[in-house]
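Below is one structure, written out as structure tokens, with a few remarks after it.
Numbers restart at 1 for each chain; the letters A, B, ... are given by sequence-line order, proteins then strands.
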Protein chains: 2
Amino acid sequence: MKTKEVAEMAGVSVRTLHHYDSIGLLVPVRLPSGYRSYSDSDIQLLQQILFFRELGFSLDHIKDIVHDSSYDVTDALLYQRKLMEEEKNRVMVMIRKLDETIEDRKGERVMSNQDKFQGIDFSHNPYEQEARENWGDAVVNESNRKMSGFDNEELKEKWERIFRELGAVKDQDPRSEEAQKRIGELYHFLNSHFGTYSPEAFRSLGEMYVSDERFTENIDQYGEGLSLFLRDGMAEWSWNHK
Amino acid sequence: MKTKEVAEMAGVSVRTLHHYDSIGLLVPVRLPSGYRSYSDSDIQLLQQILFFRELGFSLDHIKDIVHDSSYDVTDALLYQRKLMEEEKNRVMVMIRKLDETIEDRKGERVMSNQDKFQGIDFSHNPYEQEARENWGDAVVNESNRKMSGFDNEELKEKWERIFRELGAVKDQDPRSEEAQKRIGELYHFLNSHFGTYSPEAFRSLGEMYVSDERFTENIDQYGEGLSLFLRDGMAEWSWNHK
DNA sequence: CTTGACCCTCACGTCAGGTCAGGGTGTACG
DNA sequence: CGTACACCCTGACCTGACGTGAGGGTCAAG
């Protein structure tokens with residue numbers, strides 16, 4: 001039989017047969033043309049080789065097994081079983097670690113969402129001084145609200161409720177009565193829990209919701225484009241309440 | 001930090017760090033001398049890399065994960081979990097096939113009996129602890145083979161056959177091909193039935209065959225001077241297979 | 001000024017083939 | 001007889017994650 005016929009019969013590639021020839025694992029006779037010619041016993045040998053290959057043996061090991069009659073096949077099988085058992089353990093350890101890591105990240109993701117609720121911590125940010133100058137203390141206070149008691153569950157809930165409600169009206173005109181009412185709630189909420197905001201500081205805060213992407217990301221969690229809506233609505237609100 | 005310091009700290013080889021440098025995974029700055037200099041953040045990055053490596057990620061994949069912040073790590077973890085699950089199944093299929101094959105071969109075996117060999121029982125021996133320290137667990141496991149299933153007739157038979165064959169070649173050069181082949185059989189036999197022997201442990205075992213007269217007496221049952229032959233032959237074998 | 005411990009860069013080896021490139025063989029058809 | 005096409009061959013480089021060694025430079029201690 002010629003190479004390709006054997007390959008198709010056995011379900012291996014021609015290259016594989018070449019390889020087995022070159023390492024002396026399965027060496028067919030050659031025709032005058034140089035073509036490989038596989039005999040029936042070569043085919044049988046190949047079946048054996050592929051059998052052991054399926055069991056995970058290395059070609060080197062297979063060579064010993066099939067060409068050395070003194071080799072104890074049962075020993076080889078038991079040895080191979082041990083190797084495979086170790087491999088299984090190795091992989092199962094990885095899977096366990098992966099599961100643990102995935103679980104951990106689930107937990108952290110909740111926390112990092114909480115972090116987002118709790119705002120951006122400017123306290124170690126080199127831009128804090130500049131922010132205070134540009135936007136007034138109120139803005140930075142909000143950023144640092146985590147430090148000023150925002151980890152209180154009740155506050156978080158209120159914060160979320162307010163932003164969800166704002167998200168629900170974000171596609172209306174920011175100057176509409178409904179929108180302005182919600183924005184007023186935000187103003188009073190901030191004034192109750194995060195220091196004193198002048199209407200002008202409130203307007204500045206709205207600018208920052210758009211110009212600083214850390215705020216933008218945070219706010220747009222409650223609805224795409226909410227930060228833009230808020231900037232305009234807060235500007236309107238401060239205009240009406242100055 | 002210099003290369004070797006980092007390597008020792010992290011428990012990897014210097015070559016590994018060179019490799020990570022060359023593939024752009026962890027590229028330290030260079031001192032004027034050309035020496036690599038790892039910064040603290042390099043060390044942190046290395047820890048991350050090794051963490052993902054333990055989870056079975058490829059270095060290519062790790063590179064994406066640690067150098068591309070837009071990469072979703074949770075997705076990567078889930079993907080990797082799938083890969084590892086497949087790998088586990090692959091290995092478990094092999095183990096099942098191995099077990100089936102081993103069972104089949106057991107059925108075919110003809111059992112005759114003839115026993116002489118008495119293992120040395122270290123299990124109540126005050127020197128066991130010392131022996132474990134001096135020679136490694138492998139030696140003591142062999143000594144205790146009686147306890148670990150050696151009372152199985154089949155195993156005893158195999159053991160005897162191997163030693164009779166060794167006795168038959170004991171007057172040849174222990175380095176001869178014939179001798180080395182027989183010694184290889186012994187190695188595989190021990191590895192299949194009595195725990196895991198490194199080639200080095202195998203060499204130590206050979207030393208013990210000579211230095212501990214309980215072994216010597218036992219082994220020389222199969223031929224005067226066999227223990228000496230084995231010591232030399234096993235040393236040679238371990239040298240060629242380390 | 002030498003030793004010895006460290007550093008560097010090639011560069012080849014591992015394992016089981018995959019994937020070309022370049023060139024020869026065999027046979028059916030016109 | 002020529003040619004198209006299927007098949008054959010060898011040789012050589014590629015993969016992954018390093019191990020191993022050669023050949024040569026750097027640095028601090030004695």
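- Considering only residues two or more places apart in sequence or on other chains, A:Glu8 meets the salt bridge (Lys or Arg N to Asp or Glu O under 4.0 Å) condition with A:Lys4.
- More than 12 heavy atoms of other residues, nucleotides or ligands lie within 6.0 Å of CD in A:Glu85, so this atom counts as buried by the packing criterion.
- For B:Lys170, there are no salt bridge (Lys or Arg N to Asp or Glu O under 4.0 Å) partners at least two apart in sequence or on another chain.
- Evaluation of the salt bridge (charged side-chain N to carboxylate O under 4.0 Å, His left out) test over residues 52-64 of chain A, restricted to residues two or more places apart or in two chains, returns A:Glu54-B:Lys97.
- If you measure from atom NZ of A:Lys4 to atom P of D:dA6, you get 9 Å, rounded to the nearest angstrom.
- Over its full length, the helix from C:dC1-D:dG30 to C:dG30-D:dC1 turns its helical axis through 40°, comparing axes from the five pairs at each end and rounding to 10°.
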Donor-acceptor list for residues 42-52 of chain A side chains, cut-off 3.5 Å, not counting sequence neighbours:
from    : atom 1 : to      : atom 2 : distance (Å)
A:Asp42 : OD2    : A:Ser39 : N      : 3.0
A:Asp42 : OD2    : A:Ser39 : OG     : 3.2

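- Remark: B:Gln180 engages B:Ile183, B:Glu236, B:Trp237, B:Asn240 in a side chain to side chain contact (heavy atoms under 4.5 Å, CB included) (not counting sequence neighbours).
- Legend: residues meeting side chain to side chain contact (heavy atoms under 4.5 Å, CB included) with B:Ala179, ordered by chain and number and at least two apart, are B:Ser176, B:Phe229.
- A search for salt bridge (Lys or Arg N to Asp or Glu O under 4.0 Å) contacts involving B:Asp99 returns A:Arg81, not counting sequence neighbours.
- Applying the ring-ring contact (aromatic ring centres under 6.0 Å, His included) rule to pairs touching residues 16-43 of chain B yields nothing, sequence neighbours excluded.
- Shown here are the salt bridge (Lys or Arg N to Asp or Glu O under 4.0 Å) partners of B:Arg175, two or more places apart in sequence or in another chain: B:Asp173.
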Q. Using a cut-off of 4.0 Å between protein heavy atoms and nucleotide atoms, how would you tag nucleotides 17-28 of chain D 5' to 3' with B, S and -?
A. BBBB----BBS-
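- Bounding nucleotides for the chain A contact on DNA chain C, 5' to 3', at a heavy-atom distance below 4.0 Å, are C:dA16 to C:dG26.
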